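To start, the structure itself, in structure tokens.
From a predicted model like this one, the values you see are computed outputs, not experimental measurements. In listed order, ligands and their atoms are each counted from 1.
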Amino acid sequence: MKAAMIPVSGTNWHNPDWKKLLSSSISKPAELLERLNLTAEQMGDGKATELFKLRVPLPFVERMEKGNPKDPLLLQVWPHPEEYHQQPGFTFDPLAEKHSNPVPGLLHKYGKRVLTITAASCAINCRYCFRRHFPYDEQSYGQKTWQQWFDYIASNPHINEVILSGGEPLLTSDSQLAELVEGLSQFNHIKRLRIHTRLPVVIPQRITQSLTALAANSPFTWLMVLHINHPNEIDDALIRAAAQCHQAGIRLYNQSVLLKDINDDVVILAELSEKLFDAHIQPYYLHLLDKVTGVHHFEVSEPKAQQLYQEMLAQLPGFLVPKLVREIAGEASKTPFV
Ligand SMILES: *Cc1c(COP(=O)(O)O)cnc(C)c1O
Ligand code: SF4
């Protein structure tokens, strides 16, 4: 029995086991199929893992329905044969992001906020991700780089918010994060620290006591922007982790990507918003897919996206409707799509 090997369910929320859970993530397509009682006849052999590695932590696998080849969580991580197909309009670097960093690991595109990359790899590889082609998989931006960030922030005193992004910033250990937070604390002009992360979603045990204590005792307002696409991603462990963040004063938000056959349905989107709200998480953005090579099979047409948005407006209170946005290279913000 696999449950005997790794205590995924029933784990105390503050169990510091997240690194172990991370290292036991599944990377072999055949193993994932076996755990889910699925076959290569149903799903294909997962060969596209050679384009972008399969990587999925067990606590996320546990939320997939066994025997369901269309499970909405499975479809987000399964290497699909369509990934080999080139489609017009889909490119390798749709956001031209590689060209807008003043110092390594720091992007300053938008006004008073800078975005930093502390850890470039991810805890889960989402097939639709525009980062799938980035050469930075094994790069990390450690303390040596941070000094350059501090210098940049010091010489740009209008900056009032630092965003930790990635990749996956919470792959950084709590003690390293504490050093980063301490370094940022020297700037009175920094008011907010924002973390864009999917790790607490796929491994809720990542919300450790030392992390929430760090937030509760720091001079900034902390925001955490999670990335949840489907209501099935929200299980009891995630609800407990979110409650711990809430108690520590961390404001929780969510961004989703609109994905064909996964969440392109108003019933699912409405249920997602309701479940997020119950977990103290504020719906924030619903992104249109970035048009990157190998992800075209996830695309939802623009008229359909517009229709879903109108249906959400009709069914939900305004505060449960995320902003429908897309990212256009060179624009001064995410671009609302209505
Ligand atoms: C999305 C993004 C931000 C944050 O934008 P908000 O609209 O404030 O959420 C900041 N910097 C970069 C480079 C981004 O892509
Ligand atoms: S950056 Fe976010 S969407 Fe992309 S693979 Fe990592 S966790 Fe998934």
request  = To the nearest 0.5 Å, tell me how far L272 CG sits from I268 CD1.
outcome  = 9.5 Å

task = Evaluate the side-chain proximity of L58 to I26: yes if any heavy-atom separation is below 4.5 Å, no if none is.
result = yes

Ligand 1 contacted by E327 (non-hydrogen, < 4.0 Å) = yes

query = Of all the atoms in C129, is at least one N, O or S atom closer to atom 4 (Fe) of ligand 2 than 2.8 Å?
reply = yes

ask   = With a 4.0 Å cut-off on heavy atoms, does R131 reach ligand 2?
value = yes

key: Polar contact flag for Y285 and ligand 1 (N/O pairs, less than 3.5 Å)   = yes

key: Electrostatic pair E83-R127, nearest N-O below 4.0 angstrom   = yes

query = Out of I153, V103, V114, which residue meets the side chain to side chain contact (heavy atoms under 4.5 Å, CB included) rule with H108?
reply = V114

message = I need the atoms of ligand 1 closer than 4.0 Å to a non-hydrogen atom of Y284, numbered in the order shown.
response = 6 (P), 7 (O), 8 (O), 9 (O)

inquiry  = Could you tell me, atom by atom, which parts of ligand 2 come under 4.0 Å of a heavy atom of R198?
reply    = 7 (S)

request  = Starting at CD of Q205, measure out to CG of L21 and round the result to the nearest 0.5 Å.
outcome  = 5.0 Å

task = Could you check whether the rings of F187 and F150 sit parallel, tilted or perpendicular, using 30° and 60° as the cut-offs?
result = tilted

Region of V114 engaging ligand 1 - heavy atom pairs below 4.0 Å = neither

request  = Please confirm whether R194 comes under 4.0 Å of ligand 1, counting heavy atoms of the residue only.
outcome  = yes

task = For ligand 2, note which part of H227 has a heavy atom under 4.0 Å away: side chain, backbone, both or neither.
result = side chain

note = Quick note on ligand 1: atoms under 4.0 Å from a heavy atom of L115 include exactly 10 (C), 11 (N), 12 (C), 13 (C), 14 (C)

remark   = Near C122 (heavy-atom distance under 4.0 Å), the atoms of ligand 2 are 1 (S), 5 (S), 6 (Fe), 7 (S)

inquiry  = Would you call the rings of Y285 and H287 parallel, tilted or perpendicular, taking 30° and 60° as the class edges?
reply    = perpendicular

key: Pairing of K291 and E327 as salt bridge, 4.0 angstrom limit   = no

query = Should D17 and R206 count as an ion pair when the cut-off is N to O under 4.0 Å?
reply = no

ask   = Does an N or O anywhere in R113 fall below 3.5 Å from an N or O of ligand 1?
value = yes

task = Mark up the atoms of ligand 1 that fall under 4.0 Å of a heavy atom belonging to K109, in ascending order.
result = 13 (C)

